Number of protein chains: 2
Amino acid sequence: MYERKIPEDLECGINIAMKVLSGKWKPCIIDGINRGIRRPSELHMHIDAAAPRVINMQLRELEEYGIICKKVYPGLPLKVEYYLTEIGEGTLPVIRALDQWGNENREHVMKVVPQGQE
Amino acid sequence: MYERKIPEDLECGINIAMKVLSGKWKPCIIDGINRGIRRPSELHMHIDAAAPRVINMQLRELEEYGIICKKVYPGLPLKVEYYLTEIGEGTLPVIRALDQWGNENREHVMKVVPQGQE
DNA sequence: CTTCACAGGGAATAATTATTCCCCCACTGA
DNA sequence: TCAGTGGGGGAATAATTATTCCCTGTGAAG
């Protein structure tokens with residue numbers, strides 16, 4: 001997406017995973033695709049807090065990392081769908097763990113975040 | 001840590017969790033504390049790719065979020081230790097899921113990251 | 001011919017986050 | 001007095017990442 005100037009430390013597994021999953025909307029995108037929201041325009045509508053451009057960029061990154069793959073249907077009107085790869089499906093337990101923790105601790109986090117409500 | 005200008009979307013659990021866990025070194029810090037690396041200087045040595053200042057800042061944030069708590073021993077020389085709170089312990093499954101995925105997919109990620117080796 | 005839906009990208013800019021540099025305090029040991 | 005250890009912070013700067021704005025192209029519908 002952007003060009004990195006500083007090398008990263010990919011020693012520990014945590015950093016490897018964070019490298020792939022970090023990105024404001026990536027986990028949401030993976031979750032969405034997994035739930036069957038496969039087309040770009042659907043994702044744009046579903047994650048409407050993010051600008052479409054951002055979703056596109058993060059989709060491209062996820063594709064580069066081999067988390068999702070893109071299927072372009074030849075017909076017209078244009079139709080594109082994204083799917084999780086096998087490796088991408090492997091991230092689902094992580095996503096689920098994140099989601100679960102977040103839901104269980106929503107109250108607490110809401111109390112302690114400075115202002116960031118929406 | 002910094003002052004946020006744009007409100008966040010904490011609708012879905014994923015975003016809530018990412019808010020608390022995102023930060024280049026936070027998951028490593030949580031993991032370290034959980035493994036018994038409790039003192040700041042120990043953490044500095046253990047996570048030596050990060051500047052001490054950064055660790056300090058992320059520790060403060062984690063404390064604000066109630067993930068860790070800080071115990072200051074009155075004696076001298078100074079001694080400080082951090083512990084996971086109950087809520088902090090709740091993040092361990094997430095951290096473990098991240099670590100596991102990262103370790104299982106190290107090879108793959110190494111192949112696809114542009115250059116970022118270290 | 002105009003407008004719409006669909007998929008997408010370049011460039012500039014804004015926001016966020018990490019990092020470096022250099023400082024503080026209290027005590028200990030030489 | 002001087003250096004070293006242990007915990008820490010302010011300010012500036014650099015790097016990273018998100019967002020906005022506006023543009024491309026094709027075909028279908030009106």
Side-chain angles (χ1 to χ4, degrees), chain A residues 1-9 15 18-29 37-65 68 70-82 113-116 118, chain B residues 1-9 15 18-29 37-65 68 70-82 113-116 118:
Chain A
M1 177 146 62
Y2 304 99
E3 194 184 342
R4 177 163 287 283
K5 293 187 184 170
I6 288 187
E8 310 170 81
D9 176 15
N15 288 350
M18 287 303 276
K19 161 138 198 77
V20 172
L21 259 23
S22 83
K24 196 161 171 180
W25 308 103
K26 289 211 197 95
C28 290
I29 291 172
I37 305 170
R38 311 195 180 290
R39 303 188 60 184
S41 53
E42 286 172 357
L43 286 163
H44 295 332
M45 282 182 293
H46 192 73
I47 311 178
D48 68 337
R53 183 80 217 282
V54 184
I55 307 282
N56 291 343
M57 286 193 305
Q58 307 217 340
L59 282 170
R60 215 184 321 140
E61 266 193 58
L62 289 171
E63 201 191 349
E64 281 168 11
Y65 292 159
I68 60 178
K70 177 178 177 176
K71 176 157 188 190
V72 183
Y73 291 84
L76 272 164
L78 289 176
K79 182 170 169 187
V80 172
E81 288 189 340
Y82 290 96
V113 289
Q115 22 89 279
E118 149 92 345
Chain B
M1 176 145 63
Y2 305 98
E3 194 184 341
R4 176 164 288 282
K5 294 187 184 169
I6 288 187
E8 308 171 82
D9 176 16
N15 288 350
M18 287 304 275
K19 160 137 199 78
V20 171
L21 258 24
S22 81
K24 196 161 171 180
W25 309 103
K26 289 211 195 94
C28 289
I29 292 172
I37 305 171
R38 310 196 180 292
R39 303 188 59 185
S41 53
E42 286 173 356
L43 286 163
H44 295 335
M45 281 183 294
H46 193 74
I47 311 178
D48 68 337
R53 183 79 217 284
V54 184
I55 307 282
N56 291 343
M57 287 193 303
Q58 308 218 339
L59 282 169
R60 215 188 316 143
E61 268 193 55
L62 289 171
E63 201 190 347
E64 282 167 10
Y65 291 160
I68 60 178
K70 177 177 177 176
K71 177 157 189 191
V72 183
Y73 291 84
L76 273 164
L78 290 176
K79 184 171 169 187
V80 171
E81 286 189 342
Y82 289 96
V113 289
Q115 21 87 280
E118 151 90 343

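This one's a predicted model, so the numbers in the text were calculated from it and none came from an experiment.
Evaluation of the side chain to side chain donor-acceptor pair (under 3.5 Å) rule for A/E81 yields A/Y73, A/Y83 as partners, not counting sequence neighbours. For B/K70, the side chain to side chain contact (heavy atoms under 4.5 Å, CB included) partners at least two apart in sequence or on another chain are B/E63, B/V72, B/V80, B/Y82.
Counting only heavy atoms from C-beta outward, the side chains of A/L59 and A/L43 approach each other to under 4.5 Å.
The two atoms that bring B/W25 and B/Q58 nearest to each other are N-OE1, 3.1 Å, heavy atoms only. Between A/H44 and A/N56, the shortest heavy-atom distance links the atoms CE1-OD1, 3.3 Å. The two atoms that bring A/L21 and B/M18 nearest to each other are O-CE, 4.0 Å, heavy atoms only.
Taken from CZ in B/R38 to NZ in B/K79, the straight-line distance is 10.5 Å, to the nearest 0.5 Å.
Between C/dA5 and A/S41, no contact under 4.0 Å exists linking OP1 or OP2 to a side-chain N or O. The side chain of B/Q58 places an N or O atom within less than 4.0 Å of a non-bridging phosphate oxygen (OP1 or OP2) of C/dA18. Look at B/K79 and you won't find any side-chain N or O under 4.0 angstrom from OP1 or OP2 of D/dT5.
Note: NZ (A/K70) to P (C/dC6) measures 16 Å, nearest angstrom. Per the geometry, CD belonging to A/E63 stands 13 Å off C1' belonging to C/dA7, to the nearest Å. Taking atom CZ of B/R60 as the reference point, atom P of C/dT17 lies 15 Å away to the nearest angstrom. Taking atom CD on B/E61 and atom C1' on C/dT16, their separation rounds to 11 Å, with Å as the unit. When the C1' atom of C/dT17 is taken as reference, atom CD1 of B/I29 falls 14 Å away, rounded to whole Å. Atom CZ of B/R39 and atom P of D/dT5 are 14 Å apart (whole Å). Protein atom CZ of B/R38 is 18 Å distant from nucleotide atom C1' of D/dG6, rounded to whole Å. Remark: P of D/dT24 and CG of A/N56 are 18 Å apart, rounded to the nearest angstrom.
Looking at heavy-atom distances under 4.0 Å, B/R53 makes contact with a base.
Among the nucleotides D/dG8, D/dG6, D/dT19, the one closest to the side chain of A/M57 is D/dT19. Of the candidate nucleotides D/dT19, C/dT20, C/dA18, C/dA18 has the atom nearest to the side chain of B/K24.
Mapped onto DNA chain D by nearest heavy atom, B/Y82 and A/G23 fall at different nucleotides, with B/Y82 at the one closer to the 5' end.
For the helix from C/dC1-D/dG30 to C/dA30-D/dT1, the angle separating the two terminal helix axes comes to 20°, with each axis derived from five pairs and the value rounded to 10°.
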